[in-house]
Amino acid sequence: MRHSALHGTRAALALVALISLGSVQRLDAQSLTPSGTPTLRVSTAVAGSAPTSVSVSTTTLAFTIGNGSALTLQAKLAAALPAGVTLEVSVTAPSGATSNGLVTMSTSYADLTSSIPKNKSGTLTITHRLSATSAAGAIAASSASLSFRLL
């Protein structure tokens, strides 16, 4: 759970992304059901380079959208991450929708997909990528909570 910065200092960082369901903004017979709790640890770096980011794709998000208009899947962090730490999230897009790729998470909702068609259901794979700069220094293991919503 450590990485070496350029000058030989040691830093530790761990993030457990606890997936929680955010508010759903429409009443068109829709649902979101997240599963899994990924653990990400930045633990290596090449001398002279930033710590190596880590990615996991072990969680999913089941969804159902009923009648109505196409919807966008959004996510946000419940609280800001420590300085120098970045969490990016992407989801696979269902047919008829577009994934926005890796999106940097903050405490404001960000679009992960666009135009998920009505009368659609399925399960999306969620990818989490955690990065840290050498300037982040030693950080005790911490957790973060993500909220998802359809809008």
Side-chain angles (χ1 to χ4, degrees), residues 1-26 30-65 70-116 120 122-151:
M1 191 160 97
R2 294 189 179 104
H3 64 264
S4 299
L6 176 62
H7 303 292
T9 59
R10 312 243 342 133
L13 173 78
L15 174 81
V16 178
L18 304 172
I19 310 287
S20 62
L21 179 63
S23 60
V24 176
Q25 300 296 313
R26 298 194 183 222
Q30 59 192 350
S31 68
L32 286 170
T33 308
S35 68
T37 304
T39 300
L40 298 101
R41 290 189 176 111
V42 172
S43 59
T44 60
V46 174
S49 299
T52 305
S53 62
V54 293
S55 296
V56 295
S57 299
T58 58
T59 57
T60 60
L61 185 65
F63 74 96
T64 300
I65 298 175
L71 299 177
T72 297
L73 176 65
Q74 298 180 324
K76 74 172 185 169
L77 287 165
L81 296 175
V85 178
T86 302
L87 178 66
E88 296 169 292
V89 174
S90 71
V91 296
T92 55
S95 63
T98 302
S99 172
N100 291 336
L102 285 168
V103 177
T104 301
M105 292 290 96
S106 71
T107 55
S108 297
Y109 277 106
D111 295 351
L112 299 178
T113 67
S114 60
S115 303
I116 300 174
K120 193 82 152 166
T123 301
L124 310 176
T125 299
I126 304 170
T127 298
H128 300 83
R129 182 167 76 177
L130 182 67
S131 304
T133 64
S134 298
I139 299 172
S142 60
S143 65
S145 180
L146 283 172
S147 293
F148 294 89
R149 72 179 181 184
L150 289 167
L151 185 61

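- Scanning both residues, V56 and P38, for their nearest heavy atoms gives CG2-CB, 3.5 Å.
- Considering every non-hydrogen atom in both P94 and I116, the closest pair reads CG-CG2, 3.9 Å.
- The minimum heavy-atom distance linking V89 with I126 is given by the pair CG1-CG2, 3.8 Å.
- The side-chain contact (heavy atoms from CB on, under 4.5 Å) test with L87 singles out one residue from L77, V103, T104, L102, and that residue is L77.
- A search for side chain to side chain contact (heavy atoms under 4.5 Å, CB included) contacts involving A78 returns S145, not counting sequence neighbours.
- Rounded to the nearest 0.5 Å, atoms OG1 (T59) and NE2 (H128) are 4.0 Å apart.
- For the pair T113 and L73, the tightest heavy-atom approach, listed with the atom from each and the gap, is OG1-N, 3.2 Å.
- Once rounded to the nearest 0.5 Å, the distance linking CZ of F148 with CG of L112 reads 6.5 Å.
- Here the shortest heavy-atom pairing between G101 and S90 reads O-CB, 3.1 Å.
- Note on residues 50-65: no pairs pass salt bridge (charged side-chain N to carboxylate O under 4.0 Å, His left out), not counting sequence neighbours.
- Under the 4.5 Å side-chain criterion, counting only non-hydrogen atoms from C-beta, S131 is not in contact with P51.
- With sequence neighbours excluded, the residues satisfying side chain to side chain donor-acceptor pair (under 3.5 Å) with S57 are T127.
- Under the rule for a side chain to side chain contact (heavy atoms under 4.5 Å, CB included), the partners of T98 that lie at least two apart in sequence or sit in another chain are S114.
- Looking at residues two or more places apart in sequence or on another chain, you find no side chain to side chain donor-acceptor pair (under 3.5 Å) involving S99.
- Minimum interatomic distance between L124 and A93 (heavy atoms only, all atoms of both residues): CD2-C, 4.4 Å.
- At least one side-chain heavy atom of L61 sits less than 4.5 Å from a side-chain heavy atom of L32.
- Evaluation of the salt bridge (charged side-chain N to carboxylate O under 4.0 Å, His left out) test over residues 89-104, restricted to residues two or more places apart or in two chains, returns none.
- Screening residues 79-94 for salt bridge (charged side-chain N to carboxylate O under 4.0 Å, His left out) gives E88-R129 as the qualifying pairs, with residues at least two apart or on separate chains.
- Partners of T123 under the side chain to side chain contact (heavy atoms under 4.5 Å, CB included) rule, at least two apart in sequence or in another chain, are T60, A62.
- For S108, there are no side chain to side chain donor-acceptor pair (under 3.5 Å) partners at least two apart in sequence or on another chain.
- Screening residues 71-87 for salt bridge (charged side-chain N to carboxylate O under 4.0 Å, His left out) gives no qualifying pairs among residues at least two apart or on separate chains.
- Qualifying side chain to side chain donor-acceptor pair (under 3.5 Å) partners for D111, counting only residues two or more places apart in sequence or in other chains: Q74.
- Between the T92 side chain and the T125 main chain, a donor and an acceptor come within less than 3.5 Å of each other.
- A donor-acceptor pair under 3.5 Å is absent between the side-chain atoms of K120 and the main chain of A70, judged by distance alone.
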